[in-house]
Amino acid sequence: MQLTLGKHVLDLTRPKIMGILNVTPDSFSDGGDFVARETAVQHALAMVADGADIIDVGGESTRPGANEVSVRDEIARVVPVIEALAGECSVPLSVDTSKPEVMRAAVAAGATLVNDVYALQRPGAVEAVCELAVGVCLMHMRGTPRSMQENPTYDSVPDEVAQFLDRRVAHCEASGIARERIIVDPGFGFGKTDEHNLLLLSRLDRIVDLGRPVLVGLSRKRTLGNLTGRAAKDRVASGIAAAVLAVERGAHIVRTHDVAATADALAVVAASAAVLKTHKQSEAKK
Ligand code: 9MG
């Protein structure tokens with residue numbers, strides 16, 4: 001499977017790593033705007049050196065309970081960083097936003113992928129992505145970041161998430177977004193209990209069966225903290241376990257804070273898959 005993002009064509013036969021670059025005030029603060037921007041750019045370049053295939057730049061937190069940020073502030077946070085990275089970076093840049101105005105500004109600055117946790121459901125979002133002719137990641141979320149963890153319930157989480165994503169892909173295609181540009185994401189932690197997240201991970205085949213590239217993001221999430229009793233910064237090992245399980249179950253892109261460790265883990269997965277393929281080919285010839 002291939003994914004075209006502007007001038008970049010990603011071959012998804014080997015899983016890809018999306019490095020997370022948060023440019024919210026609490027992530028790269030202190031020292032004024034320029035220092036914060038430079039720190040963010042250097043962090044992104046370090047992630048690329050560590051093996052990131054995509055950098056996802058976000059200016060509004062989507063954590064449970066997070067407040068909304070104005071269009072102006074979000075643009076002021078993400079655009080200078082995307083502009084700087086577009087000049088220095090060899091990998092595709094993604095913008096994590098649900099606002100059409102931010103999508104347009106970020107793409108003008110050099111982004112070629114829109115990562116939307118609202119799956120383009122906000123007014124004008126589908127039209128913006130259609131006009132901009134960039135890639136899009138459609139994510140499932142139950143509720144909004146403010147309310148999503150207030151007792152989410154499902155009859156069958158894998159079925160309901162798969163049905164939602166299937167409907168959104170169909171709607172986007174019918175609105176003129178090329179199918180080849182669409183990625184789907186079950187949205188771990190977005191309106192889901194720990195049990196929902198674990199069941200979704202076990203039944204990732206339901207999402208893979210939609211026939212689009214699947215992106216997963218479990219890095220440092222609360223479910224991993226609940227399972228291990230560890231603080232966010234100490235969830236690298238559990239995040240790697242989740243990423244490896246996801247890739248083994250068919251995920252194509254892993255969104256992570258911990259790029260170097262994820263790249264090492266996925267190198268082992270890829271080597272194991274390559275050896276198995278060669279072995280099966282030679283067995284078939286016998
Ligand atoms: C912005 N963001 C936070 N978590 C995410 C996830 O799991 N997937 C995607 N696509 N975006 C996310």
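Just so we're clear, the structure is a prediction, and the values are computed from it rather than from any experiment.
- Separating the CE atom in M47 from the CD1 atom in I55 is a distance of 4.0 Å, to the nearest 0.5 Å.
- Shown here is E195, whose CD atom has no more than 12 heavy atoms of other residues, nucleotides or ligands within 6.0 Å.
- Side chain of N197 to main chain of G189: a donor-acceptor pair is present (N/O by atom type, distance under 3.5 Å, no hydrogens or angles).
- Closest heavy-atom contact between F164 and M139: CE2-O, 3.8 Å.
- No side-chain donor-acceptor contact under 3.5 Å links S272 to the backbone of V268.
- Here the side chains of L198 and L227 are in contact, with some heavy-atom distance below 4.5 Å.
- Hydrophobic clustering, with ILVMFWY side chains joined whenever heavy atoms are under 4.5 angstrom apart, groups V102 together with L21.
- Two residues are said to be in side-chain contact when any heavy atoms from C-beta on lie closer than 4.5 Å; L5 and L10 meet this criterion.
- Taking hydrophobic clusters as Ile, Leu, Val, Met, Phe, Trp and Tyr residues chained together by side-chain heavy-atom distances below 4.5 Å, V69 does not share a cluster with V95.
- Looking at every heavy atom in both residues, E101 comes nearest to I75 through O-CD1, 3.9 Å.
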Determine whether K16 and R14 satisfy the following criterion, side chain to side chain contact (heavy atoms under 4.5 Å, CB included), listing intermediate values before the conclusion. CA-CA 6 Å; K16 296 289 177 267; R14 266 184 83 146; 4.1 Å; yes

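- If you check the side chains of S94 and N115, you find no donor sitting under 3.5 Å from an acceptor.
- D166 and R168 are not joined by a salt bridge, as no carboxylate oxygen comes within less than 4.0 angstrom of a charged side-chain nitrogen.
- Contact annotation: the side chain of R230 never approaches that of L224 to less than 4.5 Å [non-hydrogen atoms, C-beta and beyond].
- With R255 contributing its side chain and S219 its backbone, the two residues share no donor-acceptor pair below 3.5 Å.
- Checked by atom type and distance alone, the side chain of D116 never pairs as donor or acceptor with a backbone atom of L138 at under 3.5 Å.
- Here CD1 of I54 is found 6.0 Å from CD1 of I183. Values are rounded to the nearest 0.5 Å.
- When all heavy atoms of R122 and S98 are compared, the pair lying nearest together is NH1-OG, 3.3 Å.
- No more than 12 heavy-atom neighbours from other residues, nucleotides or ligands sit within 6.0 angstrom of CZ on R222.
- Side-chain atoms of K192 come within 3.5 Å of backbone N or O of P186 as a donor-acceptor pair.
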Would F190 and H140 count as a side chain to side chain contact (heavy atoms under 4.5 Å, CB included) here? Give the steps. CA-CA 7 Å; F190 285 81; H140 175 272; 6.0 Å; no

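- Nearest heavy atoms, V216 versus A246: CG2-CB, 3.6 Å.
- Under the 4.5 Å side-chain contact rule for hydrophobic residues, V91 and V23 share a cluster.
- One finds the SG atom of C89 at 11.0 Å from the CD1 atom of I82 (value rounded to the nearest 0.5 Å).
- Neither M1 nor V169 shares a network with the other; the hydrophobic side chains, linked directly or stepwise wherever heavy atoms of I, L, V, M, F, W or Y lie under 4.5 Å apart, form separate groups for each.
- With a 4.5 Å cut-off on side-chain heavy atoms, V269 and P15 do not count as touching.
- The existence of a salt bridge linking K286 and E283 is confirmed by a sub-4.0 Å separation between a basic side-chain nitrogen and an acidic carboxylate oxygen.
- Judged purely by atom type and a 3.5 angstrom limit, R212 uses its side chain to pair as donor or acceptor with the backbone of I182.
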Test side chain to side chain contact (heavy atoms under 4.5 Å, CB included) on T24 and R77 and set out the steps. CA-CA 7 Å; T24 48; R77 288 175 190 177; 4.0 Å; yes

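- Annotation: side chain of N22 is not in contact with side chain of S61 (no heavy-atom distance under 4.5 Å).
- Across every non-hydrogen atom of A265 and V244, the tightest pair is CB-CG2, 3.9 Å.
- In terms of hydrophobic clustering, with Ile, Leu, Val, Met, Phe, Trp and Tyr side chains grouped at heavy-atom distances under 4.5 Å, V208 and I253 are assigned to different clusters.
- Here H252 contributes atom NE2 and L3 contributes atom CG; the two are 10.0 Å apart, rounded to the nearest 0.5 Å.
- Between the side chains of D11 and T13, a donor-acceptor pair is found at a separation under 3.5 Å.
- Distance CG/L45 to CG/D50: 11.0 Å, rounded to 0.5 Å.
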Before you tell me yes or no, could you show the steps for T97 and V78 under side chain to side chain contact (heavy atoms under 4.5 Å, CB included), namely the whole-Å CA-CA distance, both residues' side-chain angles and the distance that decides it to 0.1 Å? CA-CA 10 Å; T97 190; V78 298; over 6 Å; no

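- How far CZ of R220 is from OG1 of T256: 7.5 Å, rounded to the nearest 0.5 Å.
- For the pair C137 and L113, the tightest heavy-atom approach, listed with the atom from each and the gap, is N-CD1, 4.0 Å.
- The aromatic rings of Y154 and H196 lie perpendicular to each other, with more than 60° between the two planes, well past the 30° mark.
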